[in-house]
Amino acid sequence: MRRVQFFDTTLRDGEQSPGVNLNAEEKVAIALQLERLGIHVLEAGFAAASPGDLEAVRQVGEAVKEATVVSLARAVPGDIEKAREALRGAENPGIHVFLATSPIHRKYKLNMTREQVLEKAENAVRLAKKYFPHVEFSMEDGGRTEKEFLCQVAERVIPAGADVLNVPDTVGYLTPAEYGEIFRYLKERVRGIEKVKLSAHCHDDLGMAVANTLAAIEAGVEQVEGAINGIGERAGNTALEEVAMALATREDHYQVVTGLNLREIAKTSRMVSKLTGMPVPGNKAVVGANAFAHESGIHQDGMLKNSSTYEIMRPETVGLEATQLVLGKHSGRHAFRDKLSEMGYRLPEEKIDSLFIRFKELADRKKRVEEEDLVSLVEEKWGGEEEIFTLETVQLSYGNRSVPTASVRVFDLRRRRALEEAACGNGSIDAIFKAIDRVTGEVVHLEDYKIASVTHGKDALGEVFVKLRQGDSTVQGRGVSTDVLEASARAYIHAVNRLAGRLVERKGETVPASSGS
């Protein structure tokens, strides 16, 4: 059977999801997990977008050893030079160059003729090939480009050195039949098409990204592009985990192999969700909380008799074994450390010590500590930024006929002393956040606030995500607790620490951090 390789753009197109801002350490953590999943090509970012993006691409390139690491670049020398600078130390460097080709983009965005587009594309690929052993060229908005012009572009960039030719459905407009036909057309008419891998990159504006990607595979593409959990611009990208499981489950139909380690799917999905602050819907295919859940009596009866009556995939295949967590308030440090190791976390002793304190606090409040609770504790402050303020206490006075008042006590590690302040607000959360503003002295603006339940039941762990803006810097903060008010305070303090420590990654200082692929 032929092999299809996976190109992951979670760290580039996925990070362009509104509200997502990953720092370099978070990108490296996700990249290493993607490598464990078996991703073949990993798009680390857009090096020319900002100094922060360039540094993140550099760190990912140096950390990843097996996968090819690429940076996105427009078809201009400056972008290509930035990509080269970022990936000098990478084990397997590559570049992903793109240029719009559709009539609407040529007329309104580029203001270029067909011949100008052809010349610019060829020159960019020739320059990129001087620096990189792996060059991918994308015809932005290829789905709405004249097919004969796609052929012309292909016949210019292939001799120039392109190794991969990508035809993206940039705006998610095409049907599966239309998208598959584009690749058949190219394979039949382009001279030298056998010298490159054809690649599919689909967006989900009409909910057809996965279907279009599978249609492209049937048409003969050798690479598919997308993001974990389908995150990305607008309605998102192709969800790579769905494509992987479709190919594995229906291998009889598609007759292709991927080489992915499917048991890493659930863990990868969970990590991306936690670090981006984008929850996975319960009914999400493959990785949703309800993907392997059965409530109907008829379904339950069938499952008890033979699981294949209602399950076409086994949860174990994607790494969702139903394990029982037995940790509780009487558990010791050794058992806690072993459990973290069993879950795949390799952490330094000082990190384990701080997590053990948080675990004990949680165990005193919950009857049952579940694995999802531990995951949230571990990933609560994954970024590794310096802690300037730590939350000690938060107290609240509230009544439906009185003004909510909050008092907070934080420890300032710079001054090495505890600080206290109080504030009133429109509600409990508002009062807490205003008190933290006073005690830290940071002037910030709350852009977004989200809360989710990690587990089930009255004592479920609450997870809060906040997004703060200070000037042109925007950061995310995460906090977990059985008390949502405490979780909110922890999330806010986490975000304030990121701003106060000036470890924010400023996207778009040089060029917009978006692309059309």
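- Between His40 and Phe6, the two ring planes are tilted [angle within 30° to 60°].
- Using a 4.0 Å cut-off between charged side-chain N and carboxylate O, Asp205 and Arg234 make a salt bridge.
- Salt-bridge formation is not detected for the pair Arg12/Glu233: no Lys NZ or Arg NE/NH1/NH2 atom is positioned less than 4.0 Å from an Asp or Glu carboxylate oxygen.
- Within the cation-pi definition used here (under 6.0 Å to the ring centroid, within 45° of the axis), Arg84 qualifies as a partner of Tyr131.
- Of the charged side-chain nitrogens involved, none lies within less than 4.0 Å of a carboxylate oxygen, so that Glu55 and Lys27 do not count as a salt-bridged pair.
- The pair Asp79-Lys82 does not count as a salt bridge, with every side-chain nitrogen at least 4.0 angstrom from each carboxylate oxygen.
- With a 6.0 Å cutoff to the six-membered ring centre and a 45° limit on the axis angle, Lys129 does not count as a cation-pi contact of Phe137.
- Between Arg36 and Glu66 there is no salt bridge, since no side-chain nitrogen of the basic residue lies less than 4.0 Å from a carboxylate oxygen of the acidic one.
- Ionic pairing of Glu62 and Arg58 is present here: one or more N-O contacts between side-chain nitrogen and carboxylate oxygen are shorter than 4.0 angstrom.
- Salt-bridge annotation for Glu140 and Arg74: absent, with no side-chain N of the basic residue lying under 4.0 Å from a carboxylate O of the acidic one.
- The side chain to side chain contact (heavy atoms under 4.5 Å, CB included) test with Phe183 singles out one residue from Ile193, Val167, Leu150, and that residue is Val167.
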Task: Ser102/Phe149 under side-chain contact (heavy atoms from CB on, under 4.5 Å): CA gap, chis, key distance, verdict - done: CA-CA 9 Å; Ser102 68; Phe149 187 54; over 6 Å; no
Open item on the list: Could you walk me through whether Phe7 and His201 satisfy the ring-ring contact (aromatic ring centres under 6.0 Å, His included) test, starting with their C-alpha distance in whole Å, then the side-chain angles of each, then the deciding distance to 0.1 Å, before giving a yes or no?
Closed with: CA-CA 9 Å; Phe7 175 113; His201 181 124; 7.3 Å; no
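- Note on Glu155 versus Lys195: no salt bridge recorded, every NZ/NE/NH1/NH2 to OD/OE distance being 4.0 Å or above.
- Under the side chain to side chain donor-acceptor pair (under 3.5 Å) criterion, Thr276 pairs with no residue, sequence neighbours left out.
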Task: CA sep, side-chain torsions, deciding dist, call: Tyr449, Val464, side-chain contact (heavy atoms from CB on, under 4.5 Å) - done: CA-CA 7 Å; Tyr449 173 91; Val464 171; 3.5 Å; yes
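- For the atom pair CG of Asp163 and CD of Glu136, the computed distance is 9.5 Å after rounding to the nearest 0.5 Å.
- Remark: of the listed residues Val287, Leu240, Leu262, Leu262 is the sole one forming a side chain to side chain contact (heavy atoms under 4.5 Å, CB included) with Met245.
- Classification of Arg106 and Glu146 as a salt-bridged pair holds, one side-chain N sitting under 4.0 Å from a carboxylate O.
- Just one of Val60, Val70, Leu32, Thr68 meets the side chain to side chain contact (heavy atoms under 4.5 Å, CB included) condition when paired with Leu42; it is Val60.
- Salt bridge Glu463/Lys274: present, at least one basic N to carboxylate O contact under 4.0 Å.
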